[in-house]
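Structure, as structure tokens:
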Amino acid sequence: MPDVKEYAPQRADMVEKQLRRRGIEAPSVLAAMLAVPRHEFVAEELHSRAYDDVPLPIGGGQTISQPYIVAAMTWALRLRPTDRALEIGTGSGYQAAVLSLLAKEVFTVERMPELASSASERLTQLGYHNVHVHCGDGTLGLPEFAPFDALLVAAAAPAAPQPLLTQLAEGGRMIIPIGDADNQELQLIEKQAGAFSIKIMEGCRFVPLVGNHAWQKPPQR
Ligand code: SAH
């Protein structure tokens, strides 16, 4: 059985120093970051580094985002307990677990089968029963479960994929890193009365979103 109490002091320290002091104010987001055992989402040999201020490798050349970025993107979505959320890029399942504590249901799509199945198993074992992992090209969204109140893209895209914009509910929010292979900026896109508004947030660096409505193959760095 996973020990979720382990690393509690490191987790509290992460929330205080990396999140609260850097301006993440929402108590609900801080509480979710305090609750999710991040070490359970990385390989055993990385457990002791799970609460460091860095992204970490999760296999397949992919990474789990730095805690601050997870919190900042989650906060930007202003989740309500009745919201249905969609994440693209499940990876380890960590971001989905954080979202699941703030939304009613979380759908998450991962293109790499090994990552999708290990994340799904891990989330079940840890008790995150309102997360549904799907394997496939997330740039197509999940039309059969749309619309979504909140949409989080955890990989870098050259532009917001059209199917995802279409699957956003009225009043919905999407957070997505947009740019080239090396540099992106987080964009918060909101749908109001059928129109989209875009707010530019901080710079960031994500692994590429590879699919039909993004990079056709991983861009060269
Ligand atoms: N949110 C994850 C980290 C994501 S890393 C976590 O908390 O651990 C980005 C992930 O996006 C990688 O696992 C990568 O395989 C996945 N990805 C890239 N392109 C994708 C696509 N088109 N559809 C679904 N997943 C994709």
Side-chain angles (χ1 to χ4, degrees), residues 1-7 11 32-47 50-51 55-67 69-71 73-74 77 79 81 83-157 161 163-164 167 174-177 206-214 218:
M1 234 357 234
D3 185 356
V4 298
K5 293 218 176 58
E6 223 187 331
Y7 293 103
R11 201 149 55 240
M33 296 293 294
L34 191 61
V36 179
R38 183 171 161 95
H39 63 279
E40 295 288 355
F41 293 82
V42 297
E44 187 128 32
E45 61 272 20
L46 292 175
H47 277 194
Y51 299 95
L56 291 170
I58 53 171
Q62 308 303 321
T63 55
I64 178 174
S65 305
Q66 176 194 12
I69 287 289
V70 172
M73 290 176 84
T74 304
L77 288 174
L79 291 164
D83 280 350
R84 297 167 78 249
L86 173 64
E87 179 199 26
I88 309 304
T90 314
S92 68
Y94 175 69
Q95 172 77 72
V98 172
L99 295 175
S100 80
L101 297 182
L102 301 166
K104 181 163 183 240
E105 263 186 310
V106 178
F107 297 84
T108 178
V109 186
E110 170 57 52
R111 74 182 267 270
M112 295 185 147
E114 325 78 63
L115 287 177
S117 63
S118 59
S120 174
E121 230 170 79
R122 176 180 294 128
L123 288 161
T124 304
Q125 215 196 2
L126 291 168
Y128 296 100
H129 299 302
N130 59 340
V131 181
H132 315 285
V133 181
H134 293 251
C135 186
D137 177 7
T139 68
L140 303 171
L142 285 179
E144 62 275 41
F145 298 102
F148 300 98
D149 306 295
L151 220 153
L152 187 155
V153 182
L164 300 185
Q167 290 171 36
M174 161 152 69
I175 184 94
I176 176 168
F206 278 80
V207 297
L209 183 69
V210 179
N212 221 306
H213 295 265

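All values below come from the heavy atoms of this structure, side chains included, with hydrogens, waters and symmetry mates left out.
The closest donor-acceptor contact from the side chain of Asn212 to the backbone of Asp137 lies at 3.5 Å or more, if one exists at all. Ser120 contributes no side-chain N or O that, together with a main-chain N or O of Ala116, makes up a donor-acceptor pair within less than 3.5 Å.
Considering CG of Leu115 and CZ of Arg122, their distance stands at 8.5 Å, rounded to 0.5 Å. To the nearest 0.5 angstrom, Glu105 atom CD is 13.5 Å from His129 atom NE2.
Summarising the geometry of Val36 relative to Ala97, their closest heavy-atom pair is CG1-CB, 3.9 Å, with the distance given to 0.1 Å. Considering every non-hydrogen atom in both Ala103 and Ala85, the closest pair reads CB-CB, 4.4 Å. Of all non-hydrogen atoms in Val207 and Gly61, the two that sit nearest each other are CG1-O, 4.1 Å. Listed here is the closest heavy atom pair of His39 and Glu6: CE1-O, 3.3 Å. Nearest heavy-atom pair across Gln167 and Pro143 is OE1-N, 3.6 Å. Met112 and Gln62 make their closest contact through CE-NE2, 3.8 Å (heavy atoms, listed as atom of the first residue, atom of the second, distance).
Within a 6.0 Å sphere centred on CD of Glu144, heavy atoms belonging to other residues, nucleotides or ligands number more than 12. Within 6.0 Å of CD on Glu121 lie no more than 12 heavy atoms contributed by other residues, nucleotides or ligands.
Here the side chains of Tyr128 and Val106 are not in contact, with every heavy-atom distance at 4.5 Å or above. For the pair Phe41/Leu123, a side-chain contact is recorded, criterion being any heavy-atom separation below 4.5 Å from C-beta on. For the pair Leu164/Thr139, no side-chain contact is recorded, criterion being any heavy-atom separation below 4.5 Å from C-beta on. Ile58 is not listed as a side-chain neighbour of Ser118, based on a closest heavy-atom distance of 4.5 Å or more.
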| task | Could you give me the CA-CA distance, side-chain angles and deciding distance for Asn130 and Lys104, then say whether side chain to side chain contact (heavy atoms under 4.5 Å, CB included) is met? | result | CA-CA 7 Å; Asn130 59 340; Lys104 181 163 183 240; over 6 Å; no

Could you go through Leu77 and Leu102, starting from their C-alpha distance and side-chain angles, then the distance that decides it, and tell me whether this counts as side chain to side chain contact (heavy atoms under 4.5 Å, CB included)? CA-CA 10 Å; Leu77 288 174; Leu102 301 166; over 6 Å; no

Working for side chain to side chain contact (heavy atoms under 4.5 Å, CB included), residues Leu142 and Phe148: CA-CA 9 Å; Leu142 285 179; Phe148 300 98; 4.1 Å; yes

Report task. Take Leu86 and Val109, measure what side chain to side chain contact (heavy atoms under 4.5 Å, CB included) needs, and give me the verdict at the end. Result -> CA-CA 8 Å; Leu86 173 64; Val109 186; 4.1 Å; yes

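In this pair, Tyr7 and His47 present their aromatic rings perpendicular. The plane angle is above 60°, beyond the 30 to 60° band.
Checked against the 6.0 Å centroid threshold, His134 and Phe145 count as a close aromatic pair.
For the pair Arg38 and Tyr51, the cation does not sit on the ring face, since its NZ or CZ is not both under 6.0 Å from the ring centre and inside 45° of the axis.
Looking only at atom types and distance, the side chain of Ser117 has no donor-acceptor partner in the side chain of Glu110 under 3.5 Å away.
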